[in-house]
Colleague: 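Please read through the structure below; I'll follow up with questions.
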Amino acid sequence: MNKSTFNLGVQFNCLRPKIFMAMKITTFLVLAICMQVSASTFGQNITLSQKNISLIETLNKIKQLSGYDVLYGDDILPKAKNVSLKLSNVTLDAALEEIFKGQDLTYSISDKTIVIKKKDIGFLDRLINRINAIEISGKVVDEKGLPMSNVSIRSKSGGKVVYSDSKGAFAINVENADAVLVFSYVGYATKELPAGKNMTVVMQPDVSILEQVVVTGYTQKKASELTGSVQSISGETLRNGVSTVNGLAMLKGVAAGLYIVEQGGSVANRGQVVLRGQSSFNDASNTNYGPLIVIDGVITNAANLQDIIDPQDIESINILRDAASTAIYGSRAAQGVIVVVTKRGSVGKTKINFGANYGKVQNNRNIRFMNTSEATAHITKYMQALYNGTASLRTTYPTFNQYFNATRIFSDADQAVNTEWDNNAFFTDGNQSDINLSVSSGTDKTKFYTALNWNKQDGTLLDDGLSRKSIRVNVDQKITDKLTFSLNTNAILDNYTATNSENQYYLFQPWVSPNYANGALADSIPNYTYRATGARLTQYYDNPLFSHEYNTVKTSRLNLMGTGILKYAVTPWLSLQSANSINYNNNSVNSYKDPRTYRGRYDGAASNRIFVNGALSLNDTKSTYFLTSNLVNFNKSFGDHQLSAIIGQEYSRTHSENVSVSAYNTPYPGERNLGAFLTYGTWINKLTGTPAIPSSTAPVDKASFSVFSEVNDSYKSRYFASASIRRDASTNFGLNNRNGTFYAVSGGWLISGEEFMQGAKAVNNLKLRASYGTSGREAGADYLNFTTYSDAVFYNTTTTSGSTINRLGNDNITWETTYATNLGLDIGLFKRVNLSIDVYNKDSKNLLQNVALPSYVGFSSQYRNVGEIRNRGIDLQLNTENIRSKDFSWTMNFNISFNKNKLVSIKGDSLIDGYSGSYYRYVGDDINTLKAIKYVGVNPANGRPQFERIMPNGQVQIVDSIALVKADRLRGFQDIGSATPKFFGGWTNNFRYKNWNLSLLFNFSYGNKIMNNAVRSFVSPTAWQAGFNIPQPNSAIRFWQGPGDTDANYPNFYDLAFDQRGGININSSLLYVDASYARLRNVRLGYDIPAAVLKKIHLGSLNIYASMDNVFVIKSKDLFASDPEGATIGGTSNAYSGTGIASGMPRRFVVGLNAGF
Amino acid sequence: MIIITSSACKKQLDSLAPHNVNFEDQQFASPNGYTKATIGNYAGLYASYETPWFNISEYRGNNVKVIDVTSTSSAADLQNTDAFKYNNSESKDFGLSDAFWFASYKALLGVNVVLKNVSPTETNNVILQAKAENLFLRAFINFNLLRVYGRPYYQSPATNPGIPIITAPLDLTATPPARATVQASYDQVVADLNQSIATFKSKGVNSFASKYGAFALLSRVYLYMSGTFDQPNANYAKLSAQAADSVIVNGGYRLLQGAAYSNYYSASNQLNTETIWAINHEANTSNLPILLMQPQGTYVGLYTTGQIKPSPDLLSKLAANDLRKGFYFTDLYPGNTTDVLSTNKYSYRFFNGVNGVYYSYAAFNHLRLAEVYLNRAEARLKSGDTGGALADLNVIHTRAGLTPLVGLSGQALFDAILLERRLELAFEGHNSYDYFRNGLPMVRNYNSFNSPPLTVNPTDAKVVMRISQLVLTENPNITQNQQ
């Protein structure tokens, strides 16, 4: 019966559920408005006699006798005095008078209902209370027994609010010894306890999460009020996962509906994210399929979290997945919205937090290249096959040995050398460290949060590293009671380093030593290629082990963001707000090759090295972004309606420009500035004799103007409705279609708030949500509506420029619009289990596709709104508290997302696969459908690959060469799956035993196919002829060994026609393997130093921990790649290859501490 | 208030414009703008036009042999060999017909926009020169379309479909144009050439169109109209010979001789006295070496270029002392011991780009004096001037270091002229058309990769390419070449 946590306004309970059910809602409504009605008109006669019976029971009898309903606040009756009385045939009024004599309560009667409430305390009583006040003191601790500061404490009957100090101690004056104290703290369940002497109050984290405030951008709601599909993730949860500066990587496995792919171990890899399925076509001008990023209410231009926010500053991340939440963001929100809330100061003593960690980053590849004995054995075996199978060789060389010795690409001496180039020179291990300090404090007037973070992290590629320095200052200043000013500032300076030495790792043969004979590190490395006509051919490449210290690309990225927000409360229910934000971003690339290295001296193809004597290339991009966002906020209750509304207007403007220049020939080795170089241009200019032209892409100006509004109604805290509309105008669109309107309607029903649910004790939350609405995707290409000429070509001489039509205007170009329906169900059981299920349908229409214009118009192609894609799926989140006890607890979070994607409409009814260019996707297919010629295994008798060839009559023939099937063109291609996973998700377990904490985060992806690029490009029997080493086959690749080999899955590697038969041709289904995986993404063990120890060392809190990322991965045994991390989907090249032979997801071991002062 | 800010902001939005571009009216506000737009139109005949044009024209002949299908992309393989195998794909992806058609009409749009902006009463010489050059380019573009999509002129030109004739920019609201007949299409080409001849004001280097360039092209167009050897159209043959006369007598071009001739393709076109018009590549690399050359490089096996080698048939026709043997050089393809020669006609300032892809700055010689002599030889023969024909043939024959031909006439002389054309103009985009326009079959007497010997008769439906399916979808008035 106690369900107060669901109610926002006046809390009423009724005597019995079934009685309440009989009450009509209209009755209740009237009641709520006119509570005080005279009772004198009621004349029923009551006869009742009893002794020391509880008030509840007494009223129950009155109800039966009078037929009146009884309504009361939930915390009132249990504490009422028992009733003894003797009534005979009195009026209801008289009876009630008697019943309430001496009670602290009063009653009123209205429309056949008796409403009971507390007596108002008179002035005199208050004065007496004040005089009688007693001081209660105590201590507040969290579930781990650590002191909690800033917990608010008040007496239930009113009075001053106090806060606990840094040791958790508090002292409060209450009116009498019976007072009830209310303890509350964000994220923790509010506790009510009778006042006592030296109280120790243990706060528990709020499992119900219903009271949690979720910021949805312009507005914030309690979780219980949400009508859309929103997931809120605390910054702490994120930081308890993988150790990185990439917020997106932290979301992987935690956020439902977000398919996140990180390829390889470079720190520059920011990852790709697709929310609820790919809903756009490939578009060279806009490769950002990720959600719109909003930081503290400000829409940003950022494409990824890493560049715009430091994870240390994140208070929470809220992911808006459906139109109910995203429509208010209009034309840019079709891919969802990620709302980041940064940390702020709070009232109380100054809090200082210090965190530091240090660790190792370890390369973690599942494959390796051949060593000397493997490589030479393979080459010898292949040469034997080649000799046996080539008549001309047998003519030239009478014996195999003669042939072998004359043409082999390794000498006898070479075989004594074994260099593991890949893991030692290219995929190296590294370190990482992170130091962060934050100070926050607040008074009634001023609150601030400041933070410094210094992070250094290496990737698992040679010289790959990031050094980040970030500062944030968030200030909230109350100027008057009505006027507040907030300032959020953030500076992030990232310095990325990467190598620009030789990166073609397959060109490094294991029998080649990195050192000269005298032991010194060589600056260049020979590579040997095969010639059937004689001795091996030698060409030289840069030695990365020597040059990597000199030759690097340094990218310096500065992001400054400042937002000032002025808020004016006109009345308690009406406020005005103006947020003005400036974002400056400078990306500066300095690519330097030192003349002391081979690669720095020479550039160009190996067969034709050009002497350049050092080279430098600079590229500088800067952009400014300004946004003004002005809101009117309205929030007022009308009876049982809690109505809130916003009306807003925004204007944004972006300007970006870029310049790049190259130079070579330097007399000052080590100087990486332009002034140190003597000649402009690159080796190509030297080779071809063309003059160097510094380039600067045309500056881009964009602007958009929007008006929007949202209305929310919460009725009786059980029924929620929300509607929003936004109208955007943008320079990105045609003059005839400049305005786009987006809208959403949604509703929620908190079923568990209904009276009829009160008997179902197990169900503490049950809620239905439904939404429908639209949101847009702005294509990146700008000013598509103008026909323009540009002087972009040269003809006849390199200085004679000509003008060409560079764009044919399309005045009708407009937004891509996604129409999304979402149905959600939230279930909370036993206050321990919370389940959210969201089912969605997204129809994305007017998708921009670069399509050919009619040829008679004469311009080859133009972006037109033609396509349509449908995504359907289910997102499921489950949070449980499996064990809750004093010393031990176990909580679990699980999420899984299913998505199905379908092409509904395409220009010309089909899309060619952009990567292989060999098959079409048709209407009805998944946009990432993969098709190939079906490989059906090895013929055990002769080791040849077998393919299915579909004859025109539909019969299937088995043939042993892919060329025979390819000749049939499209007919031979069969569906073999999709690069889109069927489902993906994550599973987190948190265990606490006393002061120990252990968390395990798994993530998984199932059902996506990946093109095995590692095999296609590198596992070729003849690659050695071109001087390439190949990856060593493992159990995933079992080449046919001889007649009768039925275990083999790959054809005979020593078949001279291996390539022609095409077992590993890009069109062979053998290459497309299951990329499903499950990964232990992070494991973390922490220990909280006990309070007793903390006291001695004068610390508020201290947690020490050890954490490990990407511990292990379970994958398909057929997959031959350094990592199963899947294909990025939706890329412009449609390159759905995975991580191939390069670095896998790095394993990181980190130890660290977090201290609070 | 919102309405007021809204309209203010609309002005803000409208005031923004893209940078570093000119709008059409700005472009044609000065004579220099016409010149620049015209220069841009030549650049429209760079790789995106040139590569499909070269592929379709050369791969359909018997001067080439495909040695490999080596690309990692099926689409590239199918594109490259589509014309070679006479598959004539109508898919936008599996052949180069679509690319050629769209590149042609894109180039034509640039031409028509310039012409649209020239007033009929224009007197400025710079603008008139731009007009003349664009008229020439329109004729050139349309004529190449006709060679690919229109059946040979000797076959019912009044009824066979030619090309849609577009002489002004069309927008999406225009009635989609249908194909004119072959005859009407040729008439438009001839009319444009004649108008351009009358409009030229000056002569630049041979990278630009000129009056005698227009005459040279006119001689070729009339030659294509001049019927077969058995059933010649003497009238068109005479017109062809007359146009050729103008070039030879008044054009001021000279044939290169001896060593200069041997170096023809390893020098810039601009100072070349034999070249009448070439698409110059000094400022833009040519992609053709990717198709033609395979220098012994590093990336053998994974990155292969140069799948087109001179055919054994072509090489066998070159006499031992033929200077033109010098246009082929040893170009080893590892593992290939039979087809070791490549043409060097596109190797001027050849270089090895990144990742084993090869480029050069070689010009594409569209018109040169040698062709005009051979045009006149054939035209004279068809109009009955055997002596003149033989004389013209010998000008080219002896220039190649060979002894003069004597006593030839009739079919033998005709065969000799066509053979000379084949040898002289190899890899310059003439080979297959020279058979079909004369009612002769294209015969390949050699195996070529996965294609057996092949004979294509001039009446075969496959003589003309299929039009891209995309064109047909967009324009219901276009009829397909049935096959």
Side-chain angles (χ1 to χ4, degrees), chain A residues 392 529 532 539 605-608 649 651 687-688 698-703 705 707 729-731 738 782-783 786-791 793-798 800-806 852 854-860 908 912 916-918 963 966 969 1017 1020 1022-1023 1025-1027 1066-1067, chain B residues 2 5-6 9-10 12-13 16-24 27 33 36-37 39-40 42-44 72-76 93-94 101-102 105-106 108-110 113 164 166 169-172 176-177 205 207 280 282-284 297-302 335 337 349 351-352 470-471 473-475:
Chain A
S392 61
T529 50
Q539 293 183 133
S607 55
N608 184 22
Q649 167 268 323
Y651 174 70
L687 170 67
T688 59
V700 175
D701 277 314
K702 282 196 254 194
F705 177 78
V707 285
S730 162
T731 51
R738 184 150 268 178
D782 311 298
Y783 303 102
F786 290 103
T787 297
T788 52
Y789 268 88
S790 66
D791 271 27
V793 294
F794 291 87
Y795 182 71
N796 191 45
T797 74
T798 52
T800 313
S801 71
S803 316
T804 51
I805 300 170
N806 74 335
S855 56
Y856 56 84
V857 172
F859 206 72
S860 50
I912 193 165
S916 74
S918 48
K966 273 175 126 176
R969 297 199 181 182
S1017 302
S1020 158
T1022 55
Q1025 295 181 347
I1066 188 171
N1067 298 133
Chain B
I2 283 169
T5 40
S6 179
C9 283
K10 188 179 176 327
Q12 286 275 333
L13 300 192
L16 293 184
H19 293 275
N20 303 357
V21 292
N22 281 326
F23 299 99
E24 189 180 333
Q27 182 68 35
K36 286 210 156 195
I39 290 170
Y42 289 104
T72 51
S73 157
S74 292
D93 303 304
F94 294 148
W101 182 282
F102 277 90
Y105 282 97
K106 185 176 180 183
L108 203 59
L109 173 71
V113 172
I166 299 168
L170 298 179
D171 64 22
L172 282 169
V205 295
S207 306
N280 176 281
E282 290 292 333
N284 181 287
T298 317
Y299 298 94
V300 182
L302 289 189
T337 51
R349 289 179 61 208
F351 75 101
N352 180 350
L470 210 57
V471 174
T473 314
E474 296 279 16
N475 181 348

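Naming convention: chains lettered A, B, ... in sequence-line order (proteins, then strands); numbering from 1 in each chain.
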Colleague: Could you check which of Asn280(B), Leu170(B), Val205(B) has the highest count of heavy-atom pairs closer than 4.5 Å to chain A?
Modeller: Asn280(B)
Colleague: Between Pro169(B) and chain A, with a heavy-atom cut-off of 4.5 Å, which part of the residue counts as in contact: side chain, backbone, both or neither?
Modeller: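 Looking at Pro169(B), nothing touches chain A.
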Colleague: Going by the side chain to side chain donor-acceptor pair (under 3.5 Å) test, name the single residue among Thr800(A), Thr804(A), Asp791(A) that passes it with Lys36(B).
Modeller: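 Testing each of Thr800(A), Thr804(A), Asp791(A) against Lys36(B), the sole residue satisfying side chain to side chain donor-acceptor pair (under 3.5 Å) is Asp791(A).
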Colleague: What are the two closest heavy atoms between Ala37(B) and Tyr789(A), and how far apart are they?
Modeller: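 What the structure gives for the nearest pair is CB-CE2, 4.1 Å.
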Colleague: Please flag which part of Asn796(A) lies under 4.5 Å from any non-hydrogen atom of chain B: side chain, backbone, both or neither.
Modeller: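 Asn796(A) touches chain B through backbone and side-chain heavy atoms alike.
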Colleague: Is it the backbone or the side chain of Ala729(A) that comes under 4.5 Å from a heavy atom of chain B, or both, or neither?
Modeller: both
Colleague: Would Thr788(A) and Phe23(B) count as a side-chain contact (heavy atoms from CB on, under 4.5 Å) here? Give the steps.
Modeller: CA-CA 5 Å; Thr788(A) 52; Phe23(B) 299 99; 3.7 Å; yes
Colleague: Counting only heavy atoms closer than 4.5 Å, note whether Ser392(A) contacts chain B via side chain, backbone, both or neither.
Modeller: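 Interface part for Ser392(A): neither.
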Colleague: Do you know the tightest heavy-atom contact between Val793(A) and Gly40(B)?
Modeller: CG2-CA, 3.9 Å
Colleague: Given that the side chain runs from C-beta out, which part of Val857(A) has a heavy atom under 4.5 Å from chain B: side chain, backbone, both or neither?
Modeller: both
Colleague: Closest approach of Ser207(B) and Tyr795(A), non-hydrogen atoms and distance?
Modeller: O-OH, 2.6 Å
Colleague: Measuring from Ile805(A):CD1 to Lys106(B):NZ, what's the distance to the nearest 0.5 Å?
Modeller: 8.5 Å
Colleague: I'd like to verify something: which residue of Ser730(A), Ser855(A), Ala963(A) has the highest number of heavy-atom pairs under 4.5 Å with chain B?
Modeller: Ser855(A)
Colleague: Compare all side-chain heavy atoms of Pro699(A) with those of Asn20(B) and state whether any distance is below 4.5 angstrom.
Modeller: yes
Colleague: Write down the atom of His19(B), the atom of Asp701(A), and the distance for their closest heavy-atom approach.
Modeller: NE2-OD2, 2.6 Å
Colleague: Is there a side-chain contact between Asn475(B) and Pro854(A) (heavy atoms, below 4.5 Å)?
Modeller: no
